[in-house]
Amino acid sequence: MMVQRAVIVGGVWLGVAAVGCGPAAPPLEAKGGVPTASAKAPPVASVVPVASVSAGPAETAEVVAEPAPPVPPPVPPPDAEVPFERTKAEGDGKWSVYIGAGEGEPGLMYKTTVHPHPVNGFVYAAVVAIDLTRTEVRLVAGTDEPESKTFPKERRTGLVPKERVDDVLVVMNGGFMAKHGKYSMMLDGEEMFEPREDACAVARRKDGSMWIAPWIEMKGKNAELEYYRQTPHCLIDKGVMHPDLDSEYKRRHWGGQDNGRKDTRRSAVGLSADGKILFYALGEWVFPKDIALVMKSVGAVSAAQLDINWSYTRFLRMGRPSPGDAVQVVSTLVPKIEHSKKGYVEKAATRDFFYVVPKKKAEAAP
């Protein structure tokens with residue numbers, strides 16, 4: 001017969017031990033001078049300590065659950081590793097709040113500057129780190145681009161949806177025109193045209209996570225995606241920069257100016273290793289390798305180039321200048337970005353673009 005007894009040491013209940021009732025256990029037998037238990041001896045129950053208990057009688061003891069510590073947001077990321085000390089400028093790689101999230105809360109977006117050229121200190125890129133645990137990135141087809149004979153015209157609004165206009169934080173440019181490489185795009189299952197096998201792609205899964213990878217890894221997975229936008233070869237894949245970036249001939253994949261020069265204004269997006277930060281970079285007079293170095297320096301393990309050249313690269317902060325004003329462009333990431341004040345919210349865009357809105361609190365990732 002077995003009974004349970006409370007084990008109390010120093011007034012604190014430690015647990016319950018099973019104690020056998022009946023005849024006393026047989027004595028220990030000595031072997032070689034070392035006492036050993038007889039084979040017929042009943043097992044001695046062990047006492048299992050309880051992590052957190054309240055003092056008092058055994059019948060009132062209860063486990064006290066420790067509250068889980070809050071999960072810190074992923075932004076700001078660690079300071080960027082500046083590529084070259086020779087051209088480093090004051091403040092390079094240091095993050096400052098770009099868009100806040102309310103008093104006492106970390107910002108939704110942070111920005112910094114990186115100078116990626118080994119000798120030319122005028123070459124730079126502005127970078128924004130976007131917290132994907134508290135925001136979502138959406139894609140809109142332009143009224144004209146990417147040009148397609150099959151994509152429904154009624155879905156080419158060129159505008160932020162009316163129900164999200166009040167929430168929109170920023171608008172940023174999309175990818176190349178269709179005639180410049182036939183890089184495809186898909187929205188909710190509708191493809192513009194046949195995707196390129198050798199392309200990179202920026203995608204959003206239906207679970208809300210972002211994905212940047214060679215298109216071949218996404219091929220056949222449209223059912224899992226809300227959208228994708230193809231781009232030239234990935235600048236960075238799995239932490240490794242594309243080998244063609246070092247070739248003066250092969251870097252033509254990423255485009256350049258009409259006069260043949262490959263240094264121009266370029267934009268790119270990248271993802272952190274945990275997928276919780278989307279980086280956007282806009283560089284002035286940069287080569288493809290320069291913008292890749294910028295992405296690598298801030299911590300992107302995958303990155304894709306978006307559009308290039310003066311007229312097509314845009315990162316616009318949206319808002320209301322004064323209470324009662326309509327939502328409009330209130331500032332630009334770098335000087336001299338061409339835009340209209342009410343573009344994307346009232347005036348339709350001819351080119352595809354991304355926009356960022358806060359997640360609803362119930363949808364925000366832990």
Side-chain angles (χ1 to χ4, degrees), residues 83 114 116-118 120 123-125 127 139 142 145-148 172-186 191-203 210-219 227-271 278-298 300-315 351-354:
V114 176
H117 199 278
N120 188 344
V123 175
Y124 81 98
V127 190
L139 177 63
E145 288 288 343
E147 185 179 5
S148 170
M172 52 193 185
N173 61 268
F176 282 8
M177 297 172 68
K179 67 180 181 180
H180 296 148
K182 280 285 183 181
Y183 293 105
S184 192
M185 173 174 155
M186 185 271 285
E191 287 184 323
M192 298 291 188
F193 38 80
E194 189 70 20
R196 283 186 60 150
E197 295 280 302
D198 63 345
C200 187
V202 180
M210 297 295 292
W211 188 10
I212 299 176
W215 163 252
I216 202 69
E217 296 181 18
M218 301 183 189
K219 185 178 180 180
Y227 65 72
Y228 73 72
R229 181 54 160 109
Q230 285 195 318
T231 74
H233 301 327
C234 291
L235 296 168
I236 304 173
D237 180 36
K238 300 175 181 63
V240 179
M241 290 178 26
H242 199 288
D244 288 354
L245 293 168
D246 286 318
S247 168
E248 186 173 352
Y249 173 70
K250 292 181 179 179
R251 68 186 178 201
R252 73 186 190 284
H253 297 306
W254 293 277
Q257 300 182 63
D258 291 338
N259 60 10
R261 292 187 61 172
K262 296 298 184 290
D263 56 333
T264 186
R265 183 181 277 183
R266 295 179 188 273
S267 62
V269 287
L271 277 175
L278 182 77
F279 298 101
Y280 175 94
L282 198 160
E284 299 276 28
W285 309 116
V286 292
F287 288 98
K289 185 175 181 178
D290 296 331
I291 202 74
L293 281 171
V294 169
M295 279 295 174
K296 195 167 181 65
S297 73
V298 297
V301 297
S302 59
Q305 179 185 276
L306 295 178
D307 217 341
I308 65 172
N309 291 330
W310 189 266
S311 302
Y312 307 131
T313 46
R314 296 175 182 173
F315 193 95
R351 307 285 298 275
D352 59 288
F353 65 92
F354 297 93

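The heavy-atom pair separating W285 from V123 by the smallest distance is O-CG2, 3.7 Å. Contact between H253 and P232 at its shortest, heavy atoms only, is O-CB, 3.5 Å.
Checking side-chain atoms of R351 against main-chain N and O of G175 turns up a donor-acceptor pair under 3.5 Å. Checking side-chain atoms of E145 against main-chain N and O of A178 turns up a donor-acceptor pair under 3.5 Å. The main-chain N or O of W215 is never found under 3.5 Å from a side-chain atom of R196 such that the two would form a donor-acceptor pair. Side-chain N or O atoms of N173 include one that pairs as donor or acceptor with a backbone N or O of R314 at under 3.5 Å. Remark: the backbone N or O of D307 is paired with a side-chain donor or acceptor of S267 at under 3.5 angstrom.
A distance of 11.0 Å separates CD1 of I236 from CG of L271, quoted to the nearest 0.5 Å. Rounded to the nearest 0.5 angstrom, I216 CD1 and D198 CG are separated by 9.5 Å.
Ring geometry for Y183 versus F176: interplanar angle over 60°, hence perpendicular rather than tilted (30 to 60°). A perpendicular orientation is assigned to the rings of H233 and W254, their planes being inclined by more than 60° (bins at 30° and 60°).
Side-chain atoms of T264 and N309 form a donor-acceptor pair, as typed in the model, at a separation below 3.5 Å.
With a 4.5 Å cut-off on side-chain heavy atoms, D246 and K289 count as touching. E217 has its side chain within reach of D237: a pair of non-hydrogen atoms, C-beta onward, lies under 4.5 Å apart. Within the 4.5 Å cutoff, the side chain of L306 has heavy atoms near those of the T231 side chain.
Salt bridge K262/E248: absent, no basic N to carboxylate O contact under 4.0 Å.
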